Amino acid sequence: FSSLRKHLMSKSTAKYRKDNQSLQLPIYKHKAKLVQAVKESTFLVVTGETGSGKTTQLPQYLCQAGFCKNGKICITQPRRVAAITVAQRVAHEMQCTLGREVGYQVRFDDCTTQDTELKYMTDGCLLREVLADPGLSHYSVVVLDEVHERSLNTDILLGLLKKVFSNPTEAMKGRAFPLKVVVMSATMETDKLSAFLGDCPVFAIPGRTFPVTCTLGTAVGPKDLQSTGYVKEVVSLALDVHTSEKAGDILVFLTGQLEIERACDLLFEKAESIDYRYDVQDKTVDGLLILPLYGSMPTEQQRQIFQPPPPGIRKCVVATNIAATSLTINGIKYIIDSGFVKQLNHNSRVGMDILEVVPISKSEALQRAGRAGRTSAGKCFRIYTKEFWEECMPEYTIPEIQRTSLTAVVLTLKCLGVHDVIRFPYLDPPEERFILEALKQLYQFDAIDRFGRVTRLGELMVEFPLQPGLTRALLKAASHGCQDLLLSVAAMLSVENIFIRPGHPDKQKEADQSHRALAANSGGVNDFGTLLSVFQQCKSSERPSAWCKDNWIHWRALKSAFSVETQLRDILLRLRDFPVEKFDGNKNELFRRCLCTGYFTNVARRSVGKVFCTMDGHGSMVHIHPSSSLFDKEMELDWILFHDVLVTSRVYVRTVCPIRYEWVKDLLPKLHEVDVYELSSVAREEVTDEEVTKWETREAAKRQSEISAEDALKKVEKRNNENSVSEARARYLQRKLQRQQNKVV
DNA sequence: GAGCACTGC
């Protein structure tokens, strides 16, 4: 006994010895009560601002309290880097090797072992795990962190966990020990969270941040909702701060690469004209270091941002929203907030995703301001007026689940046995038409049947970390034995843009020329083929990174495409269980036919001149984007298929491939045969066998009067484009006009 | 005749 005791004691002192830092964290005082709270209830909401130590300490407390005896403790994060860095820190604090007692799991990187007790992972990873093990049998505690960010995956996990306990499934009953759920969030909306989880207890931990004084401005009012004139304002404000405020770095929030480059140019121009001998009040500041920061920037260049500036020099980082959550820059004391953000919204009226500039929410504005108070008191200068704050900025950002396409989510839920996807317990339910649209698309892909039940194909599809359309095309290819072609194309389409297009006109020409050459080398007939060829050329080249540089291709993006391709290939090998179909034709045609199977919702036919009309039931008028190899060849085309849509001065389709009508002839009527309201009634309730027979009889009757492809065509072409796509375009044009006027002044 | 924020599997 004594030796065992000794062993345990040494374990607790060596393994869990705290350095002074963690004892000083605000959470430490609440340790006993927190552990008690977790013991006493199934759900617990823990709130605490940045600096409270909840992410690093709470899991350790639970581990020490014996929660690891039965199973692991997992802590989810919305981002990869966060999962990895937090795990590293906790492993260091517990003085153990990363990957042993403390580990992390993110896509492509599983750093855990059988013995891992604390597992930090991305929310997406846990969701995949739930698919394989709905009872979460390996875990004793599930901690959802950063819930206030409302990431799509976290929202789904939250609903699933609630559902599991409101109506324990077989999987849960089979558990040997109870599961505990801790939901951690910054202070906002905690009442709502607690109410959602059956009025569970809320535990508040004080944060350790410094006060940030905020001031409103005059540059942007309610009338300037679409204005882009704010760049000039932001620049002059930054210079004001620079010349009148004490030492401390500046962080400016803008919306995109272009805006940032323009602001940096302006800043550079003006900062050069400052005479630092006389103008600057704080004599410790001798100059301004201007640094742009956005996601597609090379990683090396991004790293520069974190270097402390030379003595006497003030750093001014001009960034996108990437600096709001993903990256933390030390030493920031001043924030300049434009009040806008670029956001991808799904529009179910036209069935398209539209990237647009919108005002940020009040909570987001607070978040931005908070970036100035991490190490000392700070100041935040907002360029918008009080009226703008009150009238144009919503309280909270609309959660992702309410503004994205739900096709993949609905399929995941269905595969988890959630039949009624409309009445699933969402913290914030998405609009019903978003769900119906998803059901319709899944039906069209043959992933679910008319009764909303997952088909064999749907079960296969859910295994792939891809957009459903791409998965569908890939599985079609696999059944024809030509998966190699689609594997690389699917990988290329699911990573960030691989074509580099620099800002300087000379280099732009050079890059465009390289890209055109790449398209021509691949046969020059379709953009999907170009992607395939780029993938193959780079992969077989002796020095792939050099090859990318020569051809203006993002090496970082291509590297991830290689990993994705390997992963997809592994999944395909593991499944192997799909029907094999014969096809006698050439490979090029087969390739494009497979694409049609996944993209028949993205088909358009040329109507007048260079304008194409989509066949998705909305009849939107679209143009081929100038970056496409088919641009300027429109008159030779009839039917096309495209990967995505971009709304700017026109509605553009990108990544295009010519197809033949015969290939989609049998698929197109699918777009019109199913009535979403029919699906809706099916979606709401479990279907009995009796009902199935009833439906099948009806369906048989329907099939006789089935709508022909030609009818579908006529139906679509009648519609015009008076919808929100043109609204979005009008907004873009207005912005452009204002930008031009701004330039003239 | 070009204007793609940020995540994630």
Side-chain angles (χ1 to χ4, degrees), chain A residues 76-83 105-109 121-132 146 149-157 228 253-262 293-297 319-327 338 340-345 353-358 360 364 397 400 404 408-409 412 462-467 470-471 494-503 505 508-509 511-512 515 554 557 560 563-564 567-568 571 610 623-628 631-632 634 643-650 652-655 732-733 735-736 739:
Chain A
T76 68
Q77 296 290 323
R79 281 172 297 281
R80 292 167 59 96
V81 254
Q105 189 192 340
V106 296
R107 188 184 189 184
F108 303 129
D109 192 0
M121 63 201 299
T122 47
D123 50 8
C125 264
L126 185 63
L127 195 58
R128 306 284 341 166
E129 240 184 84
V130 178
L131 268 168
E146 311 284 9
E149 283 189 28
R150 306 300 307 275
S151 89
L152 184 63
N153 289 332
T154 297
D155 266 19
I156 296 297
L157 285 169
T228 54
F253 281 105
L254 290 176
T255 66
Q257 178 180 347
L258 212 87
E259 222 171 64
I260 287 169
E261 276 166 5
R262 216 153 57 88
L293 173 64
Y294 45 85
S296 58
M297 240 167 60
T320 59
N321 235 21
I322 193 171
T325 48
S326 307
L327 297 176
S338 67
F340 289 98
V341 68
K342 206 173 272 183
Q343 202 172 60
L344 186 71
N345 293 320
D353 290 330
I354 299 175
L355 192 70
E356 51 190 349
V357 174
V358 293
I360 57 170
E364 214 171 335
T397 308
E400 201 184 349
T404 36
V409 166
T412 307
V462 83
E463 297 290 326
F464 292 87
L466 288 175
Q467 300 165 5
L470 267 178
T471 311
S494 64
V495 298
E496 56 183 318
N497 186 17
I498 59 149
F499 298 104
I500 297 172
R501 193 150 197 274
Q508 218 166 67
K509 261 187 191 166
D512 290 350
H515 296 160
H554 262 296
S560 40
S563 330
V564 174
Q567 189 190 26
L568 297 176
I571 298 172
K610 295 181 168 184
H623 288 78
I624 294 180
H625 193 269
S627 65
S628 167
F631 179 78
D632 246 1
E634 290 90 344
H643 173 249
D644 65 348
V645 186
L646 182 67
V647 182
T648 53
S649 57
R650 279 176 171 173
Y652 285 110
V653 292
R654 288 185 308 181
T655 318
Y732 174 88
L733 289 172
R735 289 171 59 79
K736 194 170 178 180
R739 209 150 53 199

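Remember, predicted model here, so these are calculated numbers, not experimental data. Throughout, protein chains are lettered first and strands after them, A, B, ... in sequence-line order, and every chain is numbered starting at 1.
B:dC6 atom C1' lies 19 Å from atom CZ of A:F340, rounded to whole Å. When rounded to the nearest whole Å, the span between CD of A:Q467 and P of B:dT7 equals 17 Å. Between the P atom of B:dG1 and the NZ atom of A:K610 lies a distance of 7 Å, rounded to the nearest Å. Rounding to whole angstrom units, CD of residue A:E364 and C1' of B:dA5 are separated by 10 Å. Regarding A:Q257, its CD atom lies at a distance of 9 Å from the C1' atom of B:dC4, rounded to whole Å. The separation between A:N153 atom CG and B:dG8 atom P is 10 Å, rounded to whole Å. Atom C1' of nucleotide B:dC4 and atom CD of A:E261 are separated by 13 Å, given to the nearest angstrom. Atom P of nucleotide B:dG8 and atom CD of A:Q105 are separated by 14 Å, given to the nearest angstrom.
Comparing B:dA2, B:dC4, B:dC9 against the side chain of A:D512 picks out B:dA2 as the nearest. For A:I322, the side-chain atoms get nearest to B:dT7 when compared with the rest of B:dC4, B:dA2, B:dT7. Across B:dC9, B:dC4, B:dT7, the shortest atom-to-atom separation from the side chain of A:C125 is found for B:dC9. If you check B:dC9, B:dG1, B:dA5 against the side chain of A:L344, the one that comes closest is B:dA5. Listed nucleotides: B:dC9, B:dC4, B:dA2. Nearest to the side chain of A:Y652: B:dA2. Here B:dG1 is the nucleotide among B:dG1, B:dT7, B:dC9 with the atom lying nearest to any side-chain atom of A:R650. In this structure, the nucleotide among B:dA2, B:dC4, B:dC9 sitting nearest to the side chain of A:H625 is B:dA2. Among B:dC6, B:dC9, B:dC4, the nucleotide with an atom closest to any side-chain atom of A:S326 is B:dC6. Checking B:dC4, B:dG8, B:dC9 against the side-chain heavy atoms of A:R79 singles out B:dG8 as nearest. Counting only heavy atoms from C-beta on, A:P626 has its side chain closest to B:dA2 among B:dA5, B:dC9, B:dA2.
Qualifying ring pair (Phe, Tyr, Trp, His ring centres under 6.0 Å) partners for A:Y294, counting only residues two or more places apart in sequence or in other chains: none. Listed by chain and number, the residues in a salt bridge (charged side-chain N to carboxylate O under 4.0 Å, His left out) with A:E400 amount to none (sequence neighbours excluded).
A:T325 has no side-chain polar atom (N or O) that falls below the 4.0 Å cut-off from OP1 or OP2 of B:dC6. Using a 4.0 Å cut-off, no side-chain N or O of A:R128 falls inside it from OP1 or OP2 of B:dG8. In terms of phosphate contacts, A:T122 brings a side-chain nitrogen or oxygen within less than 4.0 Å of OP1 or OP2 of B:dC9.
The shortest non-hydrogen separation linking A:V462 to A:T412 is CG2-CA, 3.9 Å.
Under 3.5 Å, the side chain of A:N321 and the base of B:dC6 form no donor-acceptor pair of N or O atoms.
Evaluated for a side-chain hydrogen bond (donor to acceptor under 3.5 Å, both in side chains) with A:N321, the options A:Q343, A:E364, A:K342 yield exactly one hit, A:E364.
Here A:R80 lies in heavy-atom contact (under 4.0 Å) with sugar-phosphate atoms only. Using a 4.0 Å heavy-atom criterion, one finds that A:Y294 contacts the sugar-phosphate atoms exclusively.
For the pair A:T154 (side chain) and A:R150 (backbone), a donor-acceptor distance under 3.5 Å is absent.
In summary, A:E149 and A:R79 engage in a salt bridge, as defined by a charged side-chain N under 4.0 Å from a carboxylate O.
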